[in-house]
Amino acid sequence: MSYSDKVLEHYNNPRNVGSLDKKAPNVGTGLVGAPECGDVMKLQIQVNPETNVIEDARFKTFGCGSAIASSSLATEWLKGRSVDEALEIKNTEIVKELNLPPVKIHCSVLAEDAIKAAVRDYQQKQSETEQTEEAAVNA
Amino acid sequence: MQPVADADYFSFLGLSRRLKIDNAELEKTFYSLSRRLHPDYFMNASEQERQSSIDRSSLLNDAYRALRNPVKRAQYLLSLEGYKEAEKKAPSELLEEVFELNMQIEEMRMAKKMGDTDEMAEARAELEDALASLDKKLNEIDSRLFALFDQWDESLDNGAGAEERKTVLDRMSELLSHRSYIRNLVRDIREEVSDVR
Ligand code: FES
């Protein structure tokens, strides 16, 4: 099977590889995997808590070229979006942009799942800090 | 014989959907059916009959391959019962572990590329430790899987309700998904530590 030019481009020149501080309150981390192939993908977002806008996004994927390209593309799309807008990214858009063949659709699903997991993690951290802040105010 | 199109592997081989299968029995069934479907018997048959015998022998081969191996058999049963492997979410500790070990594999590759023998020896030792513990995990998973096989067969034998059967299948599907992460990891690590260049 041959990869599309766009997949190759991201594969050879992945954007935003790396990691952010997992413990930071304004960083959300999503770690997801696909059991069929054993591939794993970690995607992180750094959010400005005032504006809810994603300022930075990083990924590290151990997997096929399509999974790497999907996560690389996802980090590009995430930057500058609000958290709510991030949740609107659908795997079908990734499939379209990267020209993924049907057998590689699950790789793009992985990227969508990773985005959702990262946002969920961020939101959970936010609500926890809010609670502790409230507790501090009420104390 | 039933039409090829709607036969599942179990019923095609005249079996119930039990998971404990005597492989010697299975082999016997396979050979006797193969003989009956042998093209020599269909030399003077109509085109249609000949085609149908060819279809059936390829179905027979697929069925045998899928049912002979216990893990594949369980996977096949799950697919028959409407499960998709990918739907199962792995627990985060497992994903963390898979991720970490992949990082180590990457370090090993890097060390190899740089020809850094100290780093290489260190990375190799770590990966070998990991391999030993993963092998142990795999064994544990397999014995749990086989215990579930028994439970499944019992549930068929005593006509258990759909609810109870679903619980068994859910657990099986979860275990198989864990197993598949670990198997892939073991494969990759093995490849990395065995390659001595
Ligand atoms: S083949 Fe596993 S994510 Fe692409």
Side-chain angles (χ1 to χ4, degrees), chain A residues 11 14 17-23 27-44 58-68 70-72 91-92 94-95 100 102-125, chain B residues 66 71-72 74-76 78-79 83-110 123 127 130-131 134-135 137-138 141 145 169-192:
Chain A
Y11 182 75
V17 176
S19 64
L20 299 165
D21 178 12
K22 204 183 154 185
K23 298 212 175 71
V27 168
T29 302
L31 177 59
V32 295
E36 315 91 333
C37 53
D39 294 346
V40 278
M41 178 183 292
K42 185 189 247 175
L43 190 146
Q44 295 181 298
R58 297 286 164 84
F59 83 95
K60 177 82 191 161
T61 295
F62 296 105
C64 71
S66 303
I68 291 172
S70 297
S71 39
S72 169
N91 85 290
T92 45
I94 298 176
V95 170
L100 297 181
V103 292
K104 289 282 154 181
I105 287 176
H106 80 273
C107 320
S108 69
V109 172
L110 212 52
E112 184 186 322
D113 288 349
I115 295 173
K116 300 229 158 72
V119 169
R120 222 179 301 124
D121 183 49
Y122 167 74
Q123 286 171 337
Q124 197 171 337
K125 277 183 179 171
Chain B
V71 170
K72 290 215 182 102
Q75 273 162 346
Y76 179 67
L78 285 170
S79 74
Y83 281 73
K84 277 202 204 136
E85 202 191 2
E87 281 172 0
K88 273 287 154 201
K89 298 259 179 295
S92 57
E93 312 89 66
L94 177 65
L95 288 177
E96 298 279 357
E97 191 181 351
V98 175
F99 191 85
E100 277 314 312
L101 283 169
N102 269 299
M103 289 291 251
Q104 287 185 19
I105 295 175
E106 198 175 73
E107 267 166 41
M108 175 82 175
R109 286 198 187 123
M110 206 66 98
L127 287 178
L131 205 52
L134 288 174
D135 274 333
K137 246 187 216 155
L138 216 47
I141 288 184
L145 199 57
L169 291 177
D170 281 350
R171 275 206 239 131
M172 216 178 313
S173 150
E174 204 179 308
L175 268 185
L176 282 173
S177 129
H178 298 186
R179 191 180 191 286
S180 134
Y181 280 108
I182 296 178
R183 279 229 36 102
N184 284 313
L185 207 49
V186 166
R187 183 203 55 209
D188 293 348
I189 296 179
R190 243 190 214 125
E191 195 182 294
E192 214 50 51

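- For the atom pair CG of B/N184 and CZ of A/F62, the computed distance is 14.5 Å after rounding to the nearest 0.5 Å.
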Practice item. Determine, step by step, whether A/M41 and B/F99 satisfy the side chain to side chain contact (heavy atoms under 4.5 Å, CB included) criterion, reporting the C-alpha distance in whole Å, the side-chain angles of both residues, the deciding distance to 0.1 Å, and the verdict. Key: CA-CA 8 Å; A/M41 178 183 292; B/F99 191 85; over 6 Å; no
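- In summary, B/R179 and A/E36 do not engage in a salt bridge, as defined by a charged side-chain N under 4.0 Å from a carboxylate O.
- Nearest heavy-atom pair across A/V40 and B/Y181 is CG1-CE2, 4.4 Å.
- Comment: A/K60 engages B/E106 in a salt bridge, judged by a side-chain N to carboxylate O separation of less than 4.0 angstrom.
- Both the backbone and the side chain of B/L95 come within less than 4.5 Å of a heavy atom of chain A.
- With a 4.5 Å cut-off on non-hydrogen atoms, A/V32 touches chain B through its backbone but not through its side chain.
- A donor-acceptor contact shorter than 3.5 Å is absent between the side chain of B/S177 and the backbone of A/P35.
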